[in-house]
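This report refers to the structure that appears directly beneath it.
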Amino acid sequence: MKQRILLTASLLMTVGSLWGQQQEFVEIAKRLKLPAMQAVHVKNGKQMGYVFGRKHTDSAALISENTIFQAASLTKVITAYTFFKLYDKGLIALDKPLCAYFKYNRLNDDTLGKRITARMVLTHRSGLLNWEGPVGTHAWRNTPLHTQYSPGTRYSYSGEAFYYLQLAMEKVTGKPLKQLVKEEVFEPFGMTWSDMQWNDLTFKDFAYGHYKLDSARSLIKWDYTNGAYTMYTNAVDYTKFVQKALVKGQGLKSKTHQLMISKANEAQKEFNVKHDEDQYVPCALGMRQQINEKGTWLWHTGSNPGFRCFFIANPKTKESLVGFVNAETGMPAFNELMNLFLEKGQTFWAYQWRNGNL
């Protein structure tokens, strides 16, 4: 299979070093039997991009740096940043119950749910399940929600909560989230290959999801926006967001940027059980931190049917790594990519804590 490397930095590194990393990148994909993998690494102001593999296991078509992948839960970080753009404009608050902005019919019969705030959503302490009902369907939109505990008291990952926040954001602006993200994120950062839902006009170069190497899934075209999982993008575009929004804080007030990326709460790997690694991956607002030997990092992962993705970034050193894989077996690749590209002598608590789960 032909291999490609996209070099987007000035060639200050030796050709031998670059080729060595490319070869190791390819070997990771081959060893893990992945259809395709994309990655972009930024360090010391230099950006290097790597691509390998096929768009579909039954096709000879190779992916490129522009090939679109599903961003899955990396969508949540985009939604969180967009929230803080509205926060800076005074349109919505962190600690005011969301029901003050939007009366959510799915919470009509849940008194505790009326206490949920944006801060609770962004730190996964809303009390809501990840999903309740057949997500994305008409029936789901009318399925009652049930808080599992008093909001704000413990950690439990929830996509439902992010969708609730989306509805509040849409209400206070009078705009759909798709338009808000386009105006507040994609256009300012030049993310020309990204959209919050499927776009036939833009998406001509796209990857199919796979169960595993030799088993492709049907192409999923989300025709609606859900701030928890429907974004389409690629590693180059998402790196623009990571570097400009999360590392540099562009578009936000300085205090707001620091608020967003600072420790906001603890996390729990397992409900009602404390694990030692919990202390190294606390929640920031809309993403996670990793505290290790090399400082404090920001990170998040994504898992949609047929796709796996992740990013990790260090705001102090400005180093970042973004990766996309078009297979459900792809999560182990991210640990290997961190070991390949990031400095040795550090513990990747993000991967150890997540361990293939939300």
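Below, each value reflects all heavy atoms present in this structure, side chains not excepted, and no hydrogens, waters or symmetry copies.
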Report task. Give a yes or no on this: more than 12 heavy atoms of other residues, nucleotides or ligands lie within 6.0 Å of atom NZ of K244. Result -> yes

Query raised in the report: Do we see a donor-acceptor contact under 3.5 Å between the side chains of D223 and W198?
Result: no

Report task. Given ring-ring contact (aromatic ring centres under 6.0 Å, His included), test Y232 with F69 step by step and report yes or no. Result -> CA-CA 6 Å; Y232 293 86; F69 287 70; over 10 Å; no

Query - Any side-chain donor near an acceptor of the partner, E27 and Q23, under 3.5 Å - result: no

Query - Nearest atoms (heavy-atom pairs only) where H41 meets L342 - result: NE2-CD2, 3.9 Å

**Report entry** Flag, side chain of K178 to backbone of D195, donor-acceptor distance under 3.5 Å
**Finding:** no

**Report entry** 4.5 Å side-chain heavy-atom contact, M37 and L337
**Finding:** yes

Query raised in the report: Can you list the steps and then say if R308 with T301 is a side-chain contact (heavy atoms from CB on, under 4.5 Å)?
Result: CA-CA 8 Å; R308 298 292 184 265; T301 60; over 6 Å; no

Query raised in the report: Considering residues at least two apart in sequence or located in another chain, which fulfil the side chain to side chain donor-acceptor pair (under 3.5 Å) criterion with K171?
Result: none

**Report entry** Sequence-distant partners of K221, salt bridge (Lys or Arg N to Asp or Glu O under 4.0 Å), two or more places apart
**Finding:** D200

Requested in this report: Check the hydrophobic clustering (I, L, V, M, F, W, Y; side-chain heavy atoms under 4.5 Å; chains of links allowed) and say if F189 and I68 are grouped together.
Outcome: yes

Query raised in the report: For the atom pair CD (E24) and CG (N339), what is the distance rounded to the nearest 0.5 Å?
Result: 10.5 Å

**Report entry** Check: H124 ring centre within less than 6.0 Å of F162 ring centre
**Finding:** yes

Requested in this report: Count the heavy atoms belonging to other residues, nucleotides or ligands that lie under 6.0 Å from NZ of K212, then report whether that count exceeds 12.
Outcome: no

Query raised in the report: Distance only, no hydrogens: is a donor on one side chain within 3.5 Å (strictly under) of an acceptor on the other, for T147 and D110?
Result: yes

Requested in this report: Would you check if the side chain of T79 reaches a backbone N or O of G227 as a donor-acceptor pair within less than 3.5 Å?
Outcome: yes

Query raised in the report: Could you go step by step and tell me if K43 and E343 meet the salt bridge (Lys or Arg N to Asp or Glu O under 4.0 Å) rule?
Result: CA-CA 10 Å; K43 184 176 183 179; E343 188 176 352; 5.2 Å; no

Query raised in the report: Can a donor-acceptor pair be found between the side chains of H146 and E132 at a distance below 3.5 Å?
Result: yes

Contacts under 3.5 angstrom, residues 246-262 side chains, donor-acceptor by atom type, not counting sequence neighbours:
unit_1: T256; atom_1: OG1; unit_2: D88; atom_2: OD1; d: 2.5
unit_1: H257; atom_1: NE2; unit_2: L246; atom_2: O; d: 2.7
unit_1: S262; atom_1: OG; unit_2: Q258; atom_2: O; d: 2.4

Query - K96 charged N/C atom sitting above Y101 aromatic ring, 6.0 Å / 45° - result: yes

Query raised in the report: What class does the angle between the rings of Y155 and W353 fall in, given that below 30° is parallel, 30 to 60° is tilted and above 60° is perpendicular?
Result: perpendicular

Report task. Check the pair K175 / E170 against salt bridge (Lys or Arg N to Asp or Glu O under 4.0 Å), numbers first and verdict last. Result -> CA-CA 5 Å; K175 298 178 181 180; E170 292 176 336; over 6 Å; no

**Report entry** Short side-chain to backbone donor-acceptor contact, R31 and V26, under 3.5 Å
**Finding:** no

Query raised in the report: Does R54 reach the main-chain N or O of L62 with its side chain, forming a donor-acceptor pair under 3.5 Å?
Result: no

Report task. Please check if any side-chain donor atom of E293 sits under 3.5 Å from a side-chain acceptor atom of T347, or the reverse. Result -> yes

Query raised in the report: Between N292 and Q346, do the side chains contain an N or O donor and an N or O acceptor separated by less than 3.5 Å?
Result: yes

Report summary line: Minimal heavy-atom distance between V77 and G286, with the atoms involved, is CG2-O, 3.6 Å

Query raised in the report: Does the ring center of Y87 lie less than 6.0 Å from the ring center of F84?
Result: yes

Query raised in the report: Shortest non-hydrogen contact from L165 to A118?
Result: CD1-CB, 3.9 Å

Requested in this report: Go through the steps to decide whether W140 and Y163 satisfy the test ring-ring contact (aromatic ring centres under 6.0 Å, His included), and finish with yes or no.
Outcome: CA-CA 12 Å; W140 165 72; Y163 187 69; 4.9 Å; yes

Query raised in the report: Hey, are S64 and D205 close enough side-chain-wise for a donor-acceptor pair under 3.5 Å?
Result: yes

Requested in this report: Report whether M169 and L94 are members of the same hydrophobic cluster (ILVMFWY, side-chain heavy atoms less than 4.5 Å apart, transitive linking).
Outcome: yes

Query raised in the report: F307 and F324: aromatic ring centres closer than 6.0 Å?
Result: no

Report task. Spell out, as yes or no, whether a donor-acceptor pair under 3.5 Å connects the side chain of K240 to the backbone of V236. Result -> no

Report task. Taking atom types as modelled, find out whether Q197 and T225 have a side-chain donor-acceptor pair closer than 3.5 angstrom. Result -> yes

Requested in this report: Answer yes or no: is there a donor N or O on one side and an acceptor on the other, between the side chain of E160 and the main chain of N130, under 3.5 Å?
Outcome: no

Requested in this report: Kindly determine whether Q148 and S156 satisfy side-chain contact (heavy atoms from CB on, under 4.5 Å), including the steps that lead there.
Outcome: CA-CA 9 Å; Q148 306 301 299; S156 184; over 6 Å; no

**Report entry** Ring centers of F311, F241 separated by less than 6.0 Å
**Finding:** no

Requested in this report: Taking atom CG of D214 as the centre, report whether more than 12 heavy atoms of other residues, nucleotides or ligands fall under 6.0 Å from it.
Outcome: yes

Report summary line: Nearest heavy-atom contact between T57 and L213 is OG1-O, 2.6 Å

Query raised in the report: For the residue pair Y208 and F206, is the inter-centroid distance of their aromatic rings smaller than 6.0 Å?
Result: yes

Query raised in the report: Counting only heavy atoms not in W349, do more than 12 fall under 6.0 Å of its CH2?
Result: yes

Query raised in the report: Counting only N and O atoms by type, is there a donor-acceptor contact under 3.5 Å from the side chain of T117 to the main-chain atoms of M120?
Result: yes

**Report entry** Donor-acceptor contact present, side-chain R115 to main-chain T111, <3.5 Å
**Finding:** no

Requested in this report: Assess the pair Y280 and W297: is the distance between their ring centroids shorter than 6.0 Å?
Outcome: no

Query raised in the report: Are a donor atom and an acceptor atom from the side chains of K76 and Y157 found within less than 3.5 Å of each other?
Result: yes

Query raised in the report: So, for A71 and T233, which heavy atoms are closest and what is the spacing to 0.1 Å?
Result: CB-CG2, 3.8 Å

Query raised in the report: How far apart are the C-alpha atoms of H300 and F310, what are their side-chain angles, what is the distance that settles it, and do they pass the side-chain contact (heavy atoms from CB on, under 4.5 Å) test?
Result: CA-CA 6 Å; H300 209 286; F310 91 114; over 6 Å; no

Query - Within 6.0 Å of CG in D95, more than 12 heavy atoms from elsewhere - result: yes

Report task. Please lay out, stage by stage, how D278 and Q268 fare under the test side chain to side chain donor-acceptor pair (under 3.5 Å). Result -> CA-CA 6 Å; D278 289 347; Q268 280 183 262; 5.4 Å; no

Query raised in the report: Are M338 and I291 in one and the same hydrophobic cluster, where Ile, Leu, Val, Met, Phe, Trp and Tyr link if side-chain heavy atoms are under 4.5 Å apart?
Result: no

Query raised in the report: Linking I/L/V/M/F/W/Y whenever their side-chain heavy atoms sit closer than 4.5 Å, directly or via other members, would Y81 and L91 fall into one cluster?
Result: yes

**Report entry** Ring centroid separation W131 to Y229 under 6.0 Å
**Finding:** yes

Report task. List the steps, then state whether salt bridge (Lys or Arg N to Asp or Glu O under 4.0 Å) holds for K46 with E319. Result -> CA-CA 9 Å; K46 308 178 192 66; E319 183 174 16; over 6 Å; no

Report task. Could you state whether I63 and Y211 fall into the same hydrophobic cluster, counting links through intermediate Ile, Leu, Val, Met, Phe, Trp or Tyr residues with side-chain heavy atoms under 4.5 angstrom apart? Result -> no

Report summary line: Closest heavy-atom pair, Q21 versus Y50, reported as atoms and distance to 0.1 Å, is OE1-OH, 3.0 Å

